[in-house]
Amino acid sequence: MSRNAESTAFRSALEVVRGVEPRVADAIAAELADQRESLKLIASENYASPATLLAMGNWFSDKYAEGTVGRRFYAGCQNVDTVEALAAEHARELFGASHAYVQPHSGIDANLVAFWAILADRVESPALRKAQARQVNDLTEADWFALRRELGNQRMLGMSLDAGGHLTHGFRPNISGKMFDQRSYGTDPATGLIDYDRVAEAAREFKPLILVAGYSAYPRKVNFRIMREIADSVGATFMVDMAHFAGLVAGKVFTGDFDPVPHAHIVTTTTHKSLRGPRGGMVLCGPELADQVDRGCPMVLGGPLPHVMAAKAVALAEARRPDFADYAQRIVDNAQALADGLLRRGATLVTGGTDNHLVLIDVSGYGLTGRQAEQALLDSGIVTNRNSVPQDPNGAWYTSGIRIGTPALTTRGLGATEMDATAELIHTVLSQTTPGTGPDGAPSKAKYVLDPAVAESVGKQAADLLTPFPLYPAVDLT
Ligand SMILES: *Cc1c(COP(=O)(O)O)cnc(C)c1O
């Protein structure tokens, strides 16, 4: 394929859009320019390949395909069947899973599918069995009442939000926290690491139906073999949400005890984070849960997005190539170089380092809140996000942490030297920023003071770091 093909494709697409609503075409072009210019350290973001992006912009978007491959509620789905089957096959081969369900529209939706599958499989409810056996007309009002009562209030044990767990693992702002009776396990205050003995103790006391592992802000590996043993010891279903680190599993950086697929009953993920595919979700499981998982649409999902499934097939095919394993290893090498660079300059890191794609800086060491640090970095051309640290004194809004991740910059090609330079820039901004005061002179958790000359100089250096690593080098929109 000629490099020219990519430019031509995107340029032509924009020309067509411009003919209808030029402001949308301009915004799309501006987004590329912004992404090219920013030092993107958001741990959950990446840059999908042109092939992945282009596979999404077509008439598959027009098709309804409720149901699963070969069992659709709509006619004329043969081409959707082709791409869905391909995406599922690539996913099974890539992760060594016996079943893959590639319809979820996002990570949250993948978790809802998994929760439904586990409830439907595990909850002892005669009414539910009748409903599942398609004897819905035999159910009385009393049966339906019993079904709702039996499905509700089931127990879930997941990682606490401030230790790095995710909202969907049973926390109040999410539906999972309203459906489930939830308890959480945290990390050891001294080391910041998961204490498996404490998880086992919590499981013994609480007897959850579902034990969830997975995180969005924990900078270490999780031993899934031990977690499965804990789940088995209390009869829980073990679910792993690998949304953040799926790319490291795909690239065989996480193997053995650290690969969730052989250990979990069910694994969910996003496809757009370290896995570098289109925005979407996916569920992997063994044969026991496969039928329930395949009921995801229309049980909890709307019609699948066939254009996104096409893009998932492309991205998963890319992830099966040997160079993806190199990419995954470089993500971790870069995160470690970044962590080392920060530590050497005196930063405090949660758990003292990283063995995955992310680093969590405790910015209270710089006298700042996460909110102040995030904004000061943004003023200096460095895009990160604030995040709670364990037992965060500043709560979930202001926070005391900055989460940074390397999947995106690694895709651009930056390496250890640039990571050390990035650590220097981050340290410079954080050490030169001071907390501001509110209108009444009281200390503020949001306001801060940073000399604009420092922000400008760091911004310039950040831009210089990116110059040798152009984003989408083959795409020229001019
Ligand atoms: C990002 C994330 C999700 C949610 O993904 P969406 O695609 O935004 O719905 C779920 N679980 C974890 C652990 C995540 O990090």
Side-chain angles (χ1 to χ4, degrees), residues 40-46 48 52 56 101-116 118 156-177 179-180 182 184-185 187 194 210-222 224 227 238-250 254 260-261 264 266-284 296-297 300-302 304-305 308-309 311-312 315 331 335 354 356-360 384-388 396 401 403-408:
K40 181 153 93 173
L41 285 162
I42 295 185
S44 51
E45 291 191 6
N46 211 327
T52 297
M56 274 184 281
Y101 182 66
V102 298
Q103 290 188 16
H105 308 166
S106 76
I108 285 192
D109 295 12
N111 285 350
L112 282 177
V113 170
F115 295 154
W116 167 255
I118 297 168
M156 174 185 290
L157 178 64
M159 191 168 189
S160 73
L161 211 49
D162 72 354
H166 193 259
L167 276 185
T168 54
H169 301 174
F171 294 95
R172 295 284 152 85
N174 181 259
I175 188 173
S176 60
M179 280 166 57
F180 288 97
Q182 196 267 10
S184 43
Y185 56 88
T187 46
I194 293 174
I210 309 178
L211 175 65
V212 187
Y215 53 77
S216 22
Y218 179 69
R220 295 292 178 178
K221 292 190 214 179
V222 176
F224 299 115
M227 293 296 279
F238 181 39
M239 167 173 161
V240 176
D241 178 352
M242 64 171 181
H244 254 262
F245 54 89
L248 305 184
V249 179
F254 287 178
V261 180
I266 189 161
V267 176
T268 58
T269 186
T270 59
T271 46
H272 50 275
K273 296 182 182 175
S274 55
L275 193 53
R276 207 162 64 178
R279 304 201 73 76
M282 195 161 71
V283 181
L284 306 172
C297 167
V300 297
L301 299 177
L305 312 176
V308 180
M309 294 196 291
K312 285 172 180 169
I331 291 176
T354 179
N356 58 20
H357 63 298
L358 71 87
V359 175
L360 193 55
T384 65
N385 66 280
R386 66 186 188 278
N387 208 101
S388 302
R403 186 186 70 167
I404 52 185
T406 53

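Note that ligands are numbered from 1 as they come in the structure, with each ligand's atoms numbered from 1 the same way. All residue numbers refer to positions in the sequence shown, counting from 1.
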Donor-acceptor check, side chain of Tyr218 to backbone of Ile194, threshold 3.5 angstrom: yes or no? yes

Atom 7 (O) of ligand 1 sits nearest the protein heavy atom Gly107 N, 2.8 Å

Residues which pass ring pair (Phe, Tyr, Trp, His ring centres under 6.0 Å) with His357, listed by chain and number, not counting sequence neighbours: His244

Quick one: nearest non-hydrogen protein atom to atom 10 (C) of ligand 1, plus distance? His166 CE1, 3.2 Å

Measure Lys273 to ligand 1 on non-hydrogen atoms and call it side chain, backbone, both or neither using the 4.0 Å cut-off. side chain

Run the numbers on Ile266 and Tyr101 for side chain to side chain contact (heavy atoms under 4.5 Å, CB included), then give the verdict. CA-CA 11 Å; Ile266 189 161; Tyr101 182 66; over 6 Å; no

I want to check something: taking the side chain as every heavy atom from C-beta on, are Tyr215 and Asn356 in contact at a cut-off of under 4.5 Å? yes

Ranked by distance from atom 9 (O) of ligand 1, the top protein heavy atom is Ile108 N, 2.9 Å

Just by distance, no angles: are the side chains of His166 and Asp241 close enough, under 3.5 Å, to form a donor-acceptor pair? no

Taking only heavy atoms of Ala243, which atoms of ligand 1 are found under 4.0 Å from at least one of them? 2 (C), 11 (N), 12 (C), 13 (C), 14 (C), 15 (O)

Please list, one pair per line, the donor and acceptor atoms closer than 3.5 Å that link side chains of residues 276-283 to other protein atoms, with sequence neighbours excluded.
from	atom 1	to	atom 2	distance (Å)
Arg276	NH1	Thr411	OG1	3.1
Arg279	NH2	His272	NE2	3.4

Beyond-backbone contact of Phe115 with Met156, side-chain heavy atoms, under 4.5 angstrom: yes

Give the atom numbers and elements of ligand 1 that come within less than 4.0 Å of a heavy atom of Asp241. 10 (C), 11 (N), 12 (C), 13 (C)

Counting each atom of ligand 1 from 1 as listed, which ones have a heavy atom of Tyr215 under 4.0 Å away? 13 (C)

Please identify which atoms of ligand 1 are closer than 4.0 Å to at least one heavy atom of His272. 7 (O)

Identify the heavy atoms of Phe171 and Leu161 that sit nearest to each other, and give their distance. CZ-N, 3.4 Å

Which ligand 1 atoms does His244 reach within 4.0 Å, using its non-hydrogen atoms? 15 (O)

Which atoms of ligand 1 have any heavy atom of Ser106 under 4.0 Å away? 6 (P), 7 (O), 9 (O)

Under 4.0 Å, heavy atoms only, figure out whether ligand 1 is touched by the backbone of Thr270, its side chain, both or neither. side chain

Subset of ligand 1 atoms that lie under 4.0 Å from at least one heavy atom of Ser216: 15 (O)

